[in-house]
Amino acid sequence: MTAPRIVYLNGQFLPFEEARVPIMDRGFLFADGIYEVSAIIDGKLVDNAAHLARLDRSLGEIGIRNPHDAASWERLQTELVARNGVTEGLVYMQVTRGVAERDFAFPKAGTEPTVMMFTQAKTVLANPLVESGARVITVEDLRWKRRDIKSVALLAQVLAKQQAAEAGVAEAWMVEDGAVTEGSSSTAFIVSRDRVLVTRPLSTALLPGITRASVLRLAQEADLRIEERLIPVEEAYAAQEAFYTSASAFVMPVIEIDGRAIGEGRPGPLTRRLRDLYIEAARRG
Ligand code: PDD
């Protein structure tokens with residue numbers, strides 16, 4: 001018999017089937033909420049302090065009170081991971097503005113935020129896509145102007161990922177004014193013709209990826225040349241290597257963009273090295 005799936009909702013650990021949110025939740029009606037995703041490997045959370053710091057920042061940017069400090073978030077996450085016996089996968093956290101009669105502006109009387117977490121068991125380390133390399137397509141970036149906020153309003157990303165799925169590829173890279181902004185759920189990197197690691201600089205145009213920050217730090221420690229600048233799509237096609245990063249993919253090699261082979265059409269050596277460095281650092285904690 002498998003143990004029942006347990007989720008966290010508003011102070012309680014509950015069987016999945018019993019966790020209910022009212023239809024007037026502003027997350028459901030307006031996507032008025034924030035989420036985070038941390039990976040779990042060897043039963044431990046990866047880069048979690050940085051994910052919790054970004055959660056706090058995102059909530060602050062839209063005026064939702066963070067219901068927990070980092071230490072209590074981590075206690076709750078750890079308990080949920082343990083209760084579900086997850087040793088490799090993800091923990092998903094979501095906070096919405098809470099429940100109120102439908103009205104666009106924030107409820108005057110205030111609301112209790114809705115706080116929810118679940119885990120997903122998933123192969124993160126031995127992901128077969130790492131060996132084959134991922135194919136990606138480019139799509140137009142249809143999103144709003146505050147992409148630095150990790151909002152649950154993900155319709156543009158849902159549509160981008162669906163286009164990728166229909167094209168039979170793993171990810172969609174979103175493009176604005178001829179340059180890649182980021183993946184639909186990841187940060188885009190290339191290794192340029194002159195072997196420089198390139199990723200877009202942080203701004204309100206993209207999410208400040210936690211994995212991005214760790215990979216850049218590791219690249220710096222390894223004395224790699226780094227440039228934070230725009231990546232024109234044409235340059236991405238001609239790159240020596242390409243990859244994307246996220247809490248769920250870690251460092252994922254890209255072997256093809258819009259049907260054009262990247263480099264030699266297989267995962268590149270620098271990408272592999274950065275993935276290994278990231279996993280080593282994650283394991284050290
Ligand atoms: N997505 N850019 C976007 C638009 C994202 O949704 C994500 C993460 C990233 C990478 O951020 P990080 O390295 O902090 O995970 C970049 C998560 C994994 C998701 O939506 O499931």
Side-chain angles (χ1 to χ4, degrees), residues 27 31 33-41 45-59 61 73 77 88-95 116-124 127 129 134 136 138-165 170-176 179-190 199-219 228 231 242-252 254 271 274-275 277-279 281-282:
I34 298 297
Y35 78 108
E36 268 301 331
V37 179
S38 290
I40 305 155
I41 57 169
L45 294 156
V46 178
D47 270 345
N48 195 48
H51 283 284
L52 292 177
R54 187 174 63 188
L55 176 64
D56 188 66
R57 178 190 180 266
S58 291
L59 288 168
E61 289 298 300
W73 270 115
Q77 291 171 294
E88 191 167 318
L90 305 171
V91 54
Y92 176 97
M93 298 147 265
Q94 179 171 314
V95 181
M116 180 273 282
M117 287 195 278
F118 59 81
T119 57
Q120 286 179 330
K122 195 171 173 268
T123 304
V124 177
N127 184 344
L129 205 53
V136 310
T138 59
V139 301
E140 189 188 347
D141 196 332
L142 299 175
R143 295 174 301 162
W144 72 328
K145 293 183 179 169
R146 288 302 309 275
R147 303 161 188 163
D148 54 314
I149 297 170
K150 200 162 173 60
S151 144
V152 294
L154 291 171
L155 189 53
Q157 288 98 310
V158 166
L159 297 178
K161 200 74 109 189
Q162 178 59 21
Q163 265 184 268
E171 177 61 307
W173 279 11
M174 298 181 287
V175 172
E176 188 171 60
V180 178
T181 47
E182 57 186 328
S184 66
S185 62
S186 59
T187 306
F189 284 78
I190 61 162
T199 195
R200 191 178 177 114
L202 296 184
S203 70
T204 51
L206 76 167
L207 187 76
I210 301 303
T211 322
R212 172 194 185 280
S214 291
V215 164
L216 286 178
R217 180 176 41 76
L218 293 165
E228 291 182 61
I231 304 173
F243 63 90
Y244 56 83
T245 63
S246 75
S248 48
F250 284 6
V251 175
M252 181 59 67
V254 169
T271 304
L274 286 168
R275 182 177 176 90
L277 287 172
Y278 183 77
I279 291 171

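Atoms within each ligand, like the ligands themselves, are counted from 1 in listed order.
Proximity to Y35 (heavy-atom distance under 4.0 Å) selects the following atoms of ligand 1: 6 (O), 19 (C), 20 (O). Remark: ligand 1 atoms within the under-4.0 Å shell around heavy atoms of T187 are 10 (C), 16 (C). Applying the 4.0 Å criterion to heavy atoms of A247 picks out, from ligand 1, the atoms 12 (P), 13 (O), 15 (O). Heavy-atom proximity to G183, at under 4.0 Å, picks out these atoms of ligand 1: 4 (C). Contact atoms of ligand 1 toward T245: 10 (C) (distance under 4.0 Å to a heavy atom of the residue).
Residue S184 places a heavy atom under 4.0 Å from ligand 1. Between A50 and ligand 1 there is no heavy-atom distance shorter than 4.0 Å. Distances shorter than 4.0 angstrom occur between a heavy atom of R54 and an atom of ligand 1. A heavy-atom separation below 4.0 Å is found between K150 and ligand 1.
In plain terms, the two heavy atoms of R200 and A179 that are nearest each other are NH1-CB, 4.1 Å. Of all heavy-atom pairs spanning L206 and E182, the tightest one is CA-OE2, 3.3 Å.
Contacts of V37 with ligand 1, taken as heavy-atom pairs under 4.0 Å, involve the side chain alone.
When hydrogens are left out, the protein atom nearest atom 13 (O) of ligand 1 is T211 OG1, 2.6 Å; that is the closest non-hydrogen contact. With respect to atom 6 (O) of ligand 1, the closest heavy atom belonging to the protein is S185 CA, 3.4 Å. In this structure, atom 18 (C) of ligand 1 lies nearest to the protein heavy atom S248 OG, 3.9 Å. Ranking the protein heavy atoms by distance from atom 2 (N) of ligand 1 puts E182 OE1, 2.5 Å first. When hydrogens are left out, the protein atom nearest atom 11 (O) of ligand 1 is G209 CA, 3.6 Å; that is the closest non-hydrogen contact.
Once rounded to the nearest 0.5 Å, the distance linking CG of D47 with OG of S214 reads 3.5 Å.
Between F189 and Y244, a ring centre-to-centre spacing not shorter than 6.0 Å is recorded.
One finds a salt bridge joining E171 and K161 here, because a Lys/Arg side-chain nitrogen approaches an Asp/Glu carboxylate oxygen to under 4.0 Å. Between E176 and R147 there is a salt bridge, since a side-chain N of the basic residue sits under 4.0 Å from a carboxylate O of the acidic one.
With H51 as the fixed residue, the side chain to side chain donor-acceptor pair (under 3.5 Å) test singles out one of Q77, E36, K150: E36.
No donor-acceptor pair closer than 3.5 Å links the side chain of S38 to the backbone N or O of V91.
Scanning for side-chain contact (heavy atoms from CB on, under 4.5 Å) contacts around D56 gives N66, with sequence neighbours left out.
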